[in-house]
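Following: one structure in structure tokens, then a few remarks.
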Amino acid sequence: VSVFDFMTSAQIADAQAGTLLIDCTASIQAALTASLRVYIPAGAYLITSTLTLRNNQHIIGSSTLASVLQANTDITVMSATNNSQITLEDFEIFGVGSGTSTKYGLQWINTPYCVFNRIYVYGFSKGVYFKAGGTAPASSFSNSFNNCVIQANAVNIDCESEANSLNLYSTRLGSATIGVRFLDSNTLMVLGCDFEACTTCAIQIDSASAATEVGATIAGNHFESNTSTTGDINIGVSFEMRGISITGNLFYGGAANVAPVKLFKASGVVFSGNTVTGTYTSATPVLGTTTIVEVFGNYPAAVNIDAEGTW
């Protein structure tokens, strides 16, 4: 169905004009309740409360830049709890601004096997929030982002717990405090993504509870003009993180950025085939005292581990 099937003529005219004067929330929720496959035509739709999704829902817009869900107050725009196999494609979700918002563009609780294609999420406290909770065993695993722009949120993608097998492909994840926070989860794939202008770090891998066999591959990405004092990639602040490959990336340093990678507690880390250029405050690309780390085949060739304390 089309959301237009559930909207008044005045709502449709407002959405097509992009004036955002008439609330479209109830009409869009009615469409989501009526059908598993929902089309959002080109237009700007005023959203004033959270839209609730369900199992096997497929929501598709006209195109990423044409179909826009716009929050005018501090709300979470879409939420899924204890569901699975949701697909979102070709639309935008706009919040009130990362400096103002305390809410989320997308909140996923115990909702695995979802696909996000060409989705733009902007202006929230957390652009996408994989939140702990839901019906046991609670886990939002095997979710994939393809050609998305999750940008200009305080945290672009936040994985609180058990967001296992998270796959990020060709996605922009910049202009944030943290680009991706991967907490208490395992199996992370970040391929061909772009991280620019992150102020704390581009990627943070850690646990709040225990040492973790992460199994992360971070390859073929672009890191530029991040201004972090904890590195573009920040690993194991609280507990030891194990099994991380950082390969074939371009790291272009920004002012006050300490290094491409900062290890706090980590083992089984490989840093290879990367190019490191631009301005970093450290002369070496990987900082931190750690164990079982290999650094080889990078450009320029003179790279070493810089011991920065003990743990």
Side-chain angles (χ1 to χ4, degrees), residues 145-147 150-151 156-157 166-176 178-182 186-206 212-237 240-309:
F145 291 80
N146 308 287
N147 296 293
I150 316 295
Q151 187 162 284
N156 286 327
I157 297 179
L166 176 65
N167 303 296
L168 307 175
Y169 304 119
S170 301
T171 290
R172 296 191 66 181
L173 293 153
S175 301
I178 298 175
V180 176
R181 178 160 50 201
F182 196 66
N186 60 63
T187 316
L188 171 66
M189 185 78 71
V190 185
L191 299 179
C193 295
D194 183 80
F195 297 86
E196 294 188 43
C198 295
T199 57
T200 294
C201 60
I203 299 174
Q204 182 181 80
I205 301 173
D206 202 5
T212 302
E213 285 70 40
V214 178
T217 298
I218 301 168
N221 303 289
H222 173 225
F223 298 85
E224 182 171 352
S225 299
N226 300 304
T227 58
S228 170
T229 57
T230 58
D232 289 313
I233 301 172
N234 178 308
I235 299 172
V237 174
E240 182 181 347
M241 300 292 99
R242 303 164 181 157
I244 299 167
S245 175
I246 302 167
T247 305
N249 302 283
L250 171 62
F251 293 93
Y252 195 99
N257 194 339
V258 62
V261 179
K262 188 166 183 178
L263 306 173
F264 293 84
K265 303 175 182 70
S267 62
V269 177
V270 175
F271 184 86
S272 67
N274 302 288
T275 296
V276 180
T277 186
T279 303
Y280 287 97
T281 59
S282 171
T284 55
V286 181
L287 298 179
T289 299
T290 188
T291 60
I292 320 177
V293 175
E294 293 188 60
V295 180
F296 63 91
N298 303 288
Y299 177 85
V303 295
N304 297 285
I305 300 297
D306 177 30
E308 228 189 38

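Only heavy atoms go into these numbers, but all of them, side chains included; no hydrogens, no water, no symmetry mates.
Here the side chains of L188 and I244 are not in contact, with every heavy-atom distance at 4.5 Å or above. L168 places a side-chain heavy atom less than 4.5 Å from the side chain of V180. N274 places none of its side-chain heavy atoms less than 4.5 Å from the side chain of V261.
The shortest non-hydrogen separation linking C201 to G231 is CB-O, 3.2 Å. Smallest separation of non-hydrogen atoms from G179 and C198: N-SG, 4.0 Å. Minimum interatomic distance between Q151 and S175 (heavy atoms only, all atoms of both residues): CG-CB, 3.9 Å. Here the closest non-hydrogen pair linking S267 and E240 is OG-OE2, 2.5 Å. When all heavy atoms are compared, the tightest approach of A216 to I205 is CB-CD1, 4.2 Å.
Checked against side chain to side chain donor-acceptor pair (under 3.5 Å), D232 has the following partners two or more places apart in sequence or in another chain: N226, N257, Y280. Residues that satisfy the side chain to side chain donor-acceptor pair (under 3.5 Å) test with T230, not counting sequence neighbours, are S228, N234. Residues that satisfy the salt bridge (Lys or Arg N to Asp or Glu O under 4.0 Å) test with R172, not counting sequence neighbours, are D194. The ring pair (Phe, Tyr, Trp, His ring centres under 6.0 Å) check on F223 picks up F195, F251, with sequence neighbours excluded. With sequence neighbours left out, T171 forms a side chain to side chain donor-acceptor pair (under 3.5 Å) with no residue at all. Annotation: side chain to side chain donor-acceptor pair (under 3.5 Å) contacts of N147 (sequence neighbours excluded): none.
If you take CE on M241 and CZ on F264, they are separated by 12.5 Å, rounding to the nearest 0.5 Å. Within the model, atoms CD of E196 and CD of E224 stand 4.5 Å from one another, a figure rounded to the nearest 0.5 Å. Between T275 atom OG1 and L250 atom CG the span is 6.0 Å, to the nearest 0.5 Å.
Between the side chain of N221 and the backbone N or O of N249, no donor-acceptor pair lies under 3.5 Å. Under a 3.5 Å cut-off, the side chain of N156 and the backbone N or O of A176 do not form any donor-acceptor pair. Judged by distance alone, the side chain of K262 and the main-chain N or O of I233 form no donor-acceptor pair under 3.5 Å. Formation of a donor-acceptor pair under 3.5 Å by the N186 side chain with backbone atoms of E213 is not found in this model.
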Criterion side-chain contact (heavy atoms from CB on, under 4.5 Å) on Y169 and M189, from CA distance to verdict: CA-CA 8 Å; Y169 304 119; M189 185 78 71; 4.0 Å; yes
side-chain contact (heavy atoms from CB on, under 4.5 Å) assessment of N167 paired with L191: CA-CA 8 Å; N167 303 296; L191 299 179; over 6 Å; no
Step-by-step side-chain contact (heavy atoms from CB on, under 4.5 Å) determination, V214 to F182: CA-CA 9 Å; V214 178; F182 196 66; 4.2 Å; yes
